[in-house]
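Have a look at the structure below before the remarks.
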Amino acid sequence: MTDARDAPAIPGDRPRSAADPDLDRAADPDVYRAAVARLPAGVVVVAVHWRGIDYAMTASAVTSVSLDPPMLLFCVHVDARLHDALDDVDLWAVSVLSETAQPVADWLASPGRPAVGQLARVPHTRAPRSGAAWVDDAAAWFECRTVAIHPAGDHVIVVGTVLEARQGAPAAGGIVHLRGRMRPVV
């Protein structure tokens, strides 16, 4: 086991005390945005069916949390329409977009798209329990029930138990978000 004192120094690292005012200062938001853009992230669509309307959004802040029980999480901005729906709806669907679904990802990430009918141009199927949309052009699908919502800055973290998981075509690739662009991965 390696002792933390034996760890290599981080460039610019210096010993700090608990009284150091730099410990509480957050990174510059612009520098943080540029740095985190170098972290590749899978692209999905998260959807809910609320009050007879489909709400969907493109997301890249999605991850597996647990295998037993199976759980996923996603992050949503507090101003997003889908966030409002989560106050009333605890079932949601995730479509892991295939490498050919970039037009869907672009559309559901575009600001100002209409709330009503936003999936009219997106071929989709209804998830069995929630009735939320599963995008047809996907490599995998999940249906989840919310177990926790945690505030996190200008977003919330939504954690859900996976009720259903399905795989698409075996050769399907995906899309990653990297440096502000979506890129296919086969």
Side-chain angles (χ1 to χ4, degrees), residues 26-27 29 32-33 35-50 53-99 101-102 104-111 115 118-119 122 124-168 172-183 185:
Y32 170 74
R33 181 185 303 250
V36 81
R38 294 173 181 253
L39 176 64
V43 178
V44 306
V45 167
V46 179
V48 299
H49 191 73
W50 179 47
I53 299 173
D54 289 307
Y55 294 87
M57 67 174 216
T58 302
S60 60
V62 178
T63 193
S64 172
V65 175
S66 169
L67 293 176
D68 188 18
M71 299 175 88
L72 287 177
L73 71 74
F74 75 96
C75 299
V76 59
H77 196 280
V78 295
D79 291 338
R81 295 177 193 141
L82 195 131
H83 174 261
D84 295 337
L86 294 170
D87 288 337
D88 291 336
V89 176
D90 67 347
L91 294 171
W92 37 278
V94 174
S95 302
V96 178
L97 298 180
S98 76
E99 75 279 9
Q102 189 164 336
V104 171
D106 289 338
W107 168 243
L108 293 174
S110 61
Q118 63 181 291
L119 291 176
V122 178
H124 61 280
T125 306
R126 298 279 169 202
R129 292 175 177 91
S130 65
W134 271 343
V135 175
D136 289 351
D137 195 0
W141 301 269
F142 301 94
E143 190 168 29
C144 302
R145 179 179 304 278
T146 301
V147 295
I149 298 178
H150 303 283
D154 58 2
H155 282 65
V156 296
I157 302 165
V158 182
V159 181
T161 299
V162 177
L163 306 173
E164 184 88 27
R166 297 185 185 174
Q167 296 180 54
I175 301 173
V176 296
H177 188 259
L178 178 66
R179 294 184 178 169
R181 294 182 46 217
M182 287 185 259
R183 304 162 192 261
V185 176

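Just so it is clear, the values below take in all heavy atoms, side chains as well, and ignore hydrogens, waters and symmetry mates.
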**Prompt:** Yes or no on side chain to side chain contact (heavy atoms under 4.5 Å, CB included) for L86 and V76, after CA distance, side-chain angles and deciding distance?
**Reply:** CA-CA 10 Å; L86 294 170; V76 59; 4.1 Å; yes

**Request:** May I have the step-by-step check of side chain to side chain contact (heavy atoms under 4.5 Å, CB included) for M182 and D106, ending in yes or no?
**Result:** CA-CA 9 Å; M182 287 185 259; D106 289 338; 3.0 Å; yes

**Request:** Quick one: do V48 and L82 satisfy side chain to side chain contact (heavy atoms under 4.5 Å, CB included)? Show the steps, please.
**Result:** CA-CA 7 Å; V48 299; L82 195 131; 4.3 Å; yes

**Verdict with reasoning, V135 to V122, per side chain to side chain contact (heavy atoms under 4.5 Å, CB included)** = CA-CA 7 Å; V135 175; V122 178; 4.2 Å; yes

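Note that the CD1 atom of I149 and the CG atom of L73 stand 12.0 Å from one another [nearest 0.5 Å]. A distance of 16.0 Å separates CH2 of W107 from CD of Q102, quoted to the nearest 0.5 Å.
The side chain to side chain contact (heavy atoms under 4.5 Å, CB included) check on R179 picks up R38, R183, with sequence neighbours excluded. Partners of F142 by ring-ring contact (aromatic ring centres under 6.0 Å, His included), not counting sequence neighbours: none found. When the side chain to side chain contact (heavy atoms under 4.5 Å, CB included) test is applied to P69, the partners found at least two apart in sequence or on another chain are S66, M71. Not counting sequence neighbours, the partners of A138 by the side chain to side chain contact (heavy atoms under 4.5 Å, CB included) test are S95, W141. With sequence neighbours left out, A133 forms a side chain to side chain contact (heavy atoms under 4.5 Å, CB included) with A47, L119, H124. Q118 meets the side-chain hydrogen bond (donor to acceptor under 3.5 Å, both in side chains) test with R113; sequence neighbours excluded.
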Expected list for residues 152-165: side-chain donor-acceptor pairs under 3.5 angstrom, two or more places apart:
{"from": "E164", "atom 1": "OE1", "to": "R129", "atom 2": "NH1", "distance (Å)": "3.2"}
{"from": "E164", "atom 1": "OE2", "to": "R166", "atom 2": "NE", "distance (Å)": "3.1"}
{"from": "E164", "atom 1": "OE2", "to": "R166", "atom 2": "NH2", "distance (Å)": "3.4"}

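Between the S130 side chain and the A127 main chain, no donor and acceptor come within less than 3.5 Å of each other.
Residues L97 and V44 have side chains not in contact (no heavy-atom distance under 4.5 Å, counting atoms from C-beta outward). Under the 4.5 Å side-chain criterion, counting only non-hydrogen atoms from C-beta, E143 is in contact with P128. By the 4.5 Å heavy-atom criterion applied to side chains, T125 and D136 are counted as neighbours. Counting heavy atoms from C-beta outward, D137 and V104 have side chains that stay 4.5 Å or more apart.
In terms of heavy atoms, I53 sits closest to A115 at CG2-O, 3.7 Å.
Among residues at least two apart or in separate chains, side chain to side chain donor-acceptor pair (under 3.5 Å) pairs with a member in residues 54-63 are H49-D54, D54-R126. For residues 75-94, the pairs satisfying side chain to side chain donor-acceptor pair (under 3.5 Å) are W50-D88, R51-D88, D90-R145, W92-T146, with sequence neighbours left out.
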